[in-house]
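Keep in mind that the numbers below use all heavy atoms, side chains included, and drop hydrogens, waters and symmetry copies.
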Amino acid sequence: MDTELAGILGAAARTVRVRMGLTQADVADRIGMASEVYGRLERGHMLPSVQNLRRLCVVLNIPPHNMLGLGEEFAAPPPKEKVRARSDEEPPEMRRLLRNLRRLTPVQLKLMNLVASAMQQQKKKP
């Protein structure tokens, strides 16, 4: 593995992700990668596959040459609407839920996350 390239790519991904106000889990989910694996990528401990590099460039709206350290500047973060997952890939129930969640305050979102986590824990119990 080229550790220098991995470091450049990870730093670029982290910088743009932070500019966009996204978490590692947000980006990982949008490119179809486990958040732990994405964290390793950002820390420069691994290189993505070509398919994941392309997905990452699309989600972060950054040209591949910038991501690879060949450009002069990172791309500006895209508007929030362009970052969302494609609605045609989600079932209608999920789209409705996401629309409702986007209207909540940060405190309400935190509470909803706690409720969802509790529901997941109940599901795991025998």
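The main-chain N or O of Gly39 is found under 3.5 Å from a side-chain atom of Arg43 such that the two form a donor-acceptor pair. Side chain of Asp26 to backbone of Thr23: a donor-acceptor contact under 3.5 angstrom is found.
The distance from atom CZ of Arg30 to atom CZ of Arg55, rounded to the nearest 0.5 Å, is 15.0 Å. Between the CG atom of Leu22 and the CZ atom of Arg14 there is a distance of 14.5 Å, given to the nearest 0.5 Å. Remark: Arg40 CZ to Met33 CE distance equals 10.0 Å, nearest 0.5 Å. Atoms CG and CE, from Asn100 and Met112 in turn, are 9.0 Å apart once rounded to the nearest 0.5 Å.
Heavy atoms only, all atoms of each residue included: Pro63 and Cys57 are closest at C-SG, 4.4 Å. Closest approach of Ser35 to Ala28, counting heavy atoms only: CA-CB, 3.6 Å.
Evaluation of the side-chain hydrogen bond (donor to acceptor under 3.5 Å, both in side chains) rule for Arg17 yields Glu42 as partners, not counting sequence neighbours.
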For side chain to side chain contact (heavy atoms under 4.5 Å, CB included), just list the numbers for Leu53 and Leu68, CA-CA rounded to whole Å, side-chain angles, deciding distance to a tenth of an Å, and then say yes or no.
CA-CA 10 Å; Leu53 176 61; Leu68 297 171; 4.2 Å; yes
Decide side chain to side chain contact (heavy atoms under 4.5 Å, CB included) for Ile62 and Leu56; before the verdict, give the C-alpha distance in whole Å, the side-chain angles of both, and the deciding distance to 0.1 Å.
CA-CA 8 Å; Ile62 180 172; Leu56 190 58; over 6 Å; no
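The other members of the hydrophobic cluster of Val115, by chain and number, are Met119 (side-chain heavy atoms under 4.5 Å, ILVMFWY only).
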Donor-acceptor pairs are to be reported for all side-chain atoms of residues 2-10 against protein atoms at under 3.5 Å, with residues two or more places apart or in another chain.
| unit_1 | atom_1 | unit_2 | atom_2 | d |
| --- | --- | --- | --- | --- |
| Asp2 | OD1 | Glu4 | N | 3.1 |
| Asp2 | OD1 | Leu5 | N | 3.1 |

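Side chain to side chain, Ser117 and Gln120 fail the donor-acceptor criterion of an N or O pair below 3.5 Å.
Leu109 is connected to Leu97 through a chain of hydrophobic side-chain contacts under 4.5 Å among Ile, Leu, Val, Met, Phe, Trp and Tyr, so both are in one cluster. Val27 and Val18 end up in different hydrophobic clusters when Ile, Leu, Val, Met, Phe, Trp and Tyr side chains are linked at under 4.5 Å.
Inter-residue side-chain proximity for Met67 and Leu60 is flagged as met; some heavy-atom pair is nearer than 4.5 Å.
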